[in-house]
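These numbers were taken from a predicted model, which means no experiment stands behind them. Within every chain, numbering begins at 1; the chains are lettered A, B, ... in the order of the sequence lines, protein sequences first and strands thereafter. Any value given below was found using the heavy atoms of this structure, including those in side chains, with hydrogens, waters and symmetry copies removed.
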Amino acid sequence: MTKFTWFYPKSLSEACSLLREKNLTPHGGGTELIKRTLSGTDGMMSLKYLDLNYIKRQEDLIEIGSMTTYADIVAGLKPEFPGHVLVRSLEHAANTPCRNRITLGGSIAFVPRWSDLIGPLLALDAHVCLKGVHDGEYPISQFLKHAALKERSLITAVKFKNTDHRSAHYREVKTHNDMPVFTVTVLLEIGKDRINKARIFLAGTAERISRLKEPEEYLEGKDRYGLDENEIRDLVNVEFKSSKLKDIEYLRQKAKTETGRMIVVAAENGV
Amino acid sequence: MKANLKINGKITEIEFSVKERLLHTLRDHGHKEVKSGCEEGECGACLVLLNGRPVNSCLIFTASVINESILTVKGIGDLHEPHIIQQAFADCGAVQCGFCTPGMVLAAYALLRDNPDPDERQIKTALSGNLCRCTGYIKIIEAVRVAAQRLQKEDKNET
């Protein structure tokens, strides 16, 4: 059995070589990894010397390095884009010390069911940048479907278009720093008071993440100030996994209500 | 494995296991002021400042923070020479059993360093990762406010 070892590559090429040669787990903030047994790997590869903690704006694109923490994403985007969907979702995720440690790359790699990040990234139609065996840029929806993409590859960044959007994000929690049972992300592109495009995602459903196409289609072309919350509510159909700890019917109804509410909030008030 | 850790400004070579959590390394090396609570990142009892930012040491592999700066509550003051924030906690009755206090004090320390005059919402956000099961939070928030006033007064006196 190989001895579990830590590696600290100083460059991306060194990191990629290590991933090809050994069965290593990339380490960002480690908040998720620490709960795992990590059996079956040769060790851990710390990414802390790879300069992957950044937010770059390139014309109409925003690129965020995979080692950027939730706190740094909020601090980097908020001054210029206070209503950005990532600001709305991540500034309330977990709690202050956790936001200082949880990284973008780690959250994408593990996609916890309760994730505050994946709904917004899907709504933004983000692309995941990989280095290694699967070198390239992949739509996040594709990345999430194909777990094999993570093998011997490193998530280096996420890119998305810098669209002028209105957004709302809801977390279903009992107390402020709870992990949400589900999250609702609404992103609307609005021109002259009409909704041009809507992207709505619920994370935490039976299929993990659900895109709500029916309300999206309904909203296109609608007057942003003339929305009927109850009408939208009826278009929301999601299922949750049954569990002794959850009242499924309550969650179904709550998801309908909060989705309707968030859409109206985003349309009328979203910055 | 062996590596250098910079704890409260002092670089020390420490031996720890490859999957060891920073919380346990610190406590095993005499830093009992770092408390072990939920060990899930919920309670903040184990909070330390890593490169100046509050983090839960229970969620950090020691091997991931070698050569980085770690500050425990003893690094800002102790019983004999308390920091203004520690004194404010005592004066305001914000300490009961004391288990959550090191984490609370460090969270407040990081907040007041970046924002010397926080409002109540900002104080609550800064302390959002710290749970207290004795006093409730009114006296703790008051202590942070009092500490902010005293620190500002001290700054004025110095200039």
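Environment of NZ in A:Lys10: crowded, with over 12 heavy atoms of neighbouring residues, nucleotides or ligands closer than 6.0 Å.
With a 4.5 Å cut-off on non-hydrogen atoms, B:Leu47 touches chain A through its side chain but not through its backbone. Of the atoms belonging to B:Glu39, not a single heavy atom falls under 4.5 Å from chain A. For chain A, the nearby parts of B:Ile66 are the backbone and the side chain; heavy atoms of each come within less than 4.5 Å. In this structure, chain B has a heavy atom under 4.5 Å from the side chain of A:Thr69, while its backbone stays farther away.
Chain A forms the most heavy-atom pairs under 4.5 Å with one residue out of B:Ala126, B:Ala110, B:Cys58, B:Ser64, and that residue is B:Ser64.
Judged purely by distance below 3.5 Å, without hydrogens or angles, the side chains of A:Thr185 and A:His169 pair a donor atom with an acceptor atom. Checked by atom type, the side-chain pair B:Glu20/B:Thr62 shows no donor-acceptor distance below 3.5 Å. A:Thr41 and A:Arg36 share no donor-acceptor pair across their side chains, judged by distance under 3.5 Å alone.
With salt bridges taken as basic N to acidic carboxylate O contacts below 4.0 Å, one links B:Glu120 and B:Lys124.
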